[in-house]
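For reference, the structure discussed in these notes is given below.
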Amino acid sequence: MTTTPTLVKLLFKSWMRSKVSLFFGFLFPVMLLLVFGSIFGGPSPPNYTLYVRNLDVDQHGTPGVLSEAFVRALNGSVFEVRLLKPGDPTPRGTGFAAVRVLTIPRGFTDNLLNTTMLNRIDVTTDTITSIIRMAGERIPEQTRDQIEASMEGLQTFKRFIVAEGVQITLEGSPDDRLLQPIEGIINVIASKFELGLLNASSAIEIRTVHAQVRQLRSVDYYLPGYIAAFIMTNGLIGVSSLVSDMHRRGVIKLLASTPVSKATWITSLIVVQTLASLLLTAVMVAVGWLVFRIVAIPDLYSLAVILLGTLAFTGFGVLIGGTVKEAEAVTALGNSISFPMMFLSGAFWPLELMPGFLQAAARYMPLYYFHVALRETLVAGSPETALFPALLVAALAVVGVTSAVLMTKWRDF
Amino acid sequence: MGSTAIVVEDLTKRYGDLVAVDRVSFTVDEGEVFALLGPNGAGKTTTVEMLECLRTPTSGNAYLKGFSIRDPSSVREIKRLIGVLPQEFNAVDNLTVHENVELAAAAKGAKNVREVLEQLGLWELRKRTFSKLSGGLKRRVGIAMALVGDPEIVFLDEPTTGLDPEARRETWLYVKQLKKSGVTVVITTHYMEEAERLSDRVAIIVRGRIAVMGEVRRLVVEYGGKTKLVFEELDGRAESLLRERGYELEVAPDGRTVVKVERHQEIYEVLSALRSLSLDVYPEIRQAGLEEVFLRVIGSRLSERGELV
Ligand SMILES: Nc1ncnc2c1ncn2[C@@H]1O[C@H](COP(=O)(O)OP(=O)(O)OP(=O)(O)O)[C@@H](O)[C@H]1O
Ligand SMILES: [Mg+2]
C-alpha cells in the first residue's frame, strides 16, 4: 500500500531536480509575471466607453424626447456611447476595458417637462407679482384683483403637476480611476442640457454607485493566465518528455515487469503534477502579492479548476509520451500544441488586443477555458461565470485521463 | 539439480512476416544459470520478454514455477517471482542510487533495499546521483533494481554489453554470487566468453531458432573439435617427425604450423618429441571453446559487437 506514496515521492524528487521542469514549472512563469506585470501592470489605458441604459421608454420601446436628446448630448461629448436595451444585462469586464453603465430612469422626460413647467409657472407668477408690486397704484384695483386671482389659479394648477427630480445612476468599478472624472463630465453635460433646453437647473442629479465586480488590472489578468498556461506546459511538454524518457531508459519496462499496475503509475504521475501545480500557484500568488499586491487567495473553486486542468493536461502528456516513439517527436508535438495555445488563447494577453478572427480561434483552444475558469474563480471570485468553462475543462480532463489510461501500454511496447 | 523453474514450449513471436522467435522450447532448472547466446536480432530479447510477460506470444506457451505466461491471473504471480534487467537499461538520471533502487522496491513491495545495495557494493555510493556514475556502476544499479525484492528467477538481458572488460568481469562476479544464493538466472549475451564462464547451460539462438543447446563443456566436446598447438615456425625435420608419429598437421598461409591433439597428454608428447630434436619451442595452445562450437554449428563467427561474420 506504500507503493503509490513512494512512487509519488521519488517522481516528485526527480521532477524538482530537473532543470527543465524547474524552469518551465516555476522560473519562467514568475519571470513573465514580473516583467509583464511591471511593464503593463497598471490600470488599463484610458477609454471613454459609456454604456447607457435608457429606461425612459414608452410601451413600444420608443425613448422619451428628452432622454433621447440627453443621450445625443452625451454622445456628442468625449464619450463613446453604447446603448443597452432596458432588459440587457450589464456587460462584464473581459479583462481590460472598464465597464461603466449610466442608467436613465423611467419617467425622465415627463419629470423633466413637469419640472420645467413648474419652473416656468414660478418664474411667470414671480415676474407678474413683482411687476404689479412695482406698478402699484397705477394699476386699477379691479384689474389687480383679477391678476392676483389668476396667479392663485396658476398656483392651484401647479399643485396638480407632479414633478420629481430625476436621478441618473452611474455604475462602475472602484478600481476605475476614470470613474470620478467621468461623473464630473456627465454633470457638466447635464447642467448645460438643463439650462439650454429647459431653462432649468438642478433637475438632474447623478448618483455614482460602485459595481460589485472589480475591474481587473493587467497583473490580475496575467496571474491566472500564466498559472494556467504553465500547468498546461508542465503536462504537455514536461510529463510527455518524462514519460518518453522513462520508456527509453527501460524504467517503464522494469516497472511493468513488477506487480505494479498501469493505473498506479498514471495515478502517481497525476499526483506529482497536482503537487507541482499547487506549488506553482502558491509561488505565483506569493509573487503577485509581494510585488503587485494582488490578493488572490485560491478558494475551493479555484483549486478544483486547477485540479481539473492538471488532470486534463497531465493525461494528454502521458498519452503523447507513451504513444509517440521518438524523443524529438514527443518534444516537437508537445511544443507545437502548447506554444500556439499559450499565445493565442488569451492566457498571455487579453483577447481584446487581438484581431477578431484570432479571438474567435481562441474559443477552440482548451487553454482558453482553463484560464478563463481560473480567472473567474481565483481573481474575480465568480464561480457562477466559471461554471461553463470549468465544465469544459472537466470534460477535457475526462477525455485526457481516459485516453492516457487506455493508450498507455503496460506490455507489447 | 532441483525441480524445474521454467518450461518453454514452442514459443513463437511473429511481427508481420518476420518470425522473431520460432518455436523455441527449453527448460531451466531451479538454481541454474541459463544463457541465450546469439547475434543481434536473433530473438533473445523477444524470448525473455515473453517470459517476463512483457510481450504476448503469437503461439506456444511457457511456465514459470508452473504459472502460465498466457493466463492473465497467473501473470500477477509471475511478476511477483521475477526480477528483470531490461536491455540497455538506464535508471532515472536525477535520482540517487538509493532512490532508484527504492523505486524498484516500491514497485515490488520490497523492503530489502539496503541488503541489496550492500550485496552489490553500492551502499557506500548510495547518495551518488545516477547520471554521475560510471557505465559499470550504472549497470550495477540496474542489477540492484532487478534483484531487490528477492526474486526467485532473474532475467538479465545483455548485462555487460558496452561495459569495459573490468566492469564486465565485475558483473560476472555478481552473477556468480547470485547463482550461489540459489536464484535461477536467465542471461542473454552475444559474448562467447560470458556464456562460457557463467552458464550451466547455453542455448545458441540464431534467427529466432535454437540451433544447439546444452552444457557448455559437453557442447565443446561434441562440436568444438581438437585442441590446437600453434607454432611460430617449425622446420621440415620437425614436421616430418610429427607426421611420422601420427599427428594431424596444418601449415597456415602465414607460415605458422598448427598441430591438432585429442587429449592434454598429447601436448607433452608433442613437446618432448620436439625436444628430442633439441628444438626448444613454446606453442600457443588453443583449446576449443564455444567459439568453435558456434563456428561449427552456425558456420560463421560472432564479432565483438554481436554481428555474424
Ligand atoms: N516490436 C517489434 N516490432 C517489429 N519487429 C520487432 C520488434 N521487436 C523486435 N523485432 C524484430 O525481431 C527480431 C528479434 O529481435 P530481438 O530484439 O528479440 O533480438 P535480440 O536477439 O534481442 O537482438 P539484440 O542483440 O539486438 O538485442 C529482430 O529482427 C527485430 O528487428
Ligand atoms: Mg536484445
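The figures here come from the full heavy-atom set of this structure, side chains too, leaving out hydrogens, waters and symmetry mates. Below, chains carry the letters A, B, ... as their sequence lines are ordered, and counting in each starts from 1.
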*Look only at the side chain of A:Lys253 and the backbone of B:Phe89, and say whether a donor-acceptor pair between them is shorter than 3.5 Å.*
no

*Where is the tightest heavy-atom contact between B:Ala107 and A:Pro259, given as atom of each residue plus distance?*
O-CD, 3.8 Å

*Looking only at heavy atoms, what is the nearest atom pair of A:Gly250 and B:Pro86, with distance?*
O-CG, 3.8 Å

Could you have a look at [options] and say which one has the most heavy-atom pairs with chain A under 4.5 angstrom?
{"options": "B:Ile78, B:Val84, B:Ile82", "result": "B:Val84"}
{"options": "B:Gly109, B:Ala105, B:Ala91", "result": "B:Ala91"}
{"options": "B:Asp93, B:Leu85, B:Thr129", "result": "B:Asp93"}
{"options": "B:Glu102, B:Glu88, B:Lys108", "result": "B:Glu102"}

[X], [atom1]: over 12 other non-hydrogen atoms inside 6.0 angstrom:
{"X": "B:Arg207", "atom1": "CZ", "value": "no"}
{"X": "A:Leu406", "atom1": "CG", "value": "yes"}
{"X": "B:Lys132", "atom1": "NZ", "value": "no"}
{"X": "A:Tyr301", "atom1": "OH", "value": "no"}

If you round to the nearest 0.5 Å, how far is [atom2] of [Y] from [atom1] of [X]?
{"X": "B:Arg55", "Y": "A:Asp412", "atom1": "CZ", "atom2": "CG", "result": "8.0 Å"}
{"X": "A:Leu254", "Y": "B:Leu103", "atom1": "CG", "atom2": "CG", "result": "8.0 Å"}
{"X": "A:Leu255", "Y": "B:Met145", "atom1": "CG", "atom2": "CE", "result": "7.0 Å"}
{"X": "A:Leu11", "Y": "B:Leu95", "atom1": "CG", "atom2": "CG", "result": "8.0 Å"}

*Could you look at B:Lys13 and say if it's the side chain, the backbone, both or neither that has a heavy atom under 4.5 Å from chain A?*
side chain

*With a 4.0 Å cut-off, would you call A:Lys9 and B:Glu99 a salt bridge?*
no

*With side-chain hydrogen bond (donor to acceptor under 3.5 Å, both in side chains) as the test, would you mind laying out the steps for B:Asn94 and A:Ser18 before giving the verdict?*
CA-CA 7 Å; B:Asn94 54 21; A:Ser18 146; 5.0 Å; no

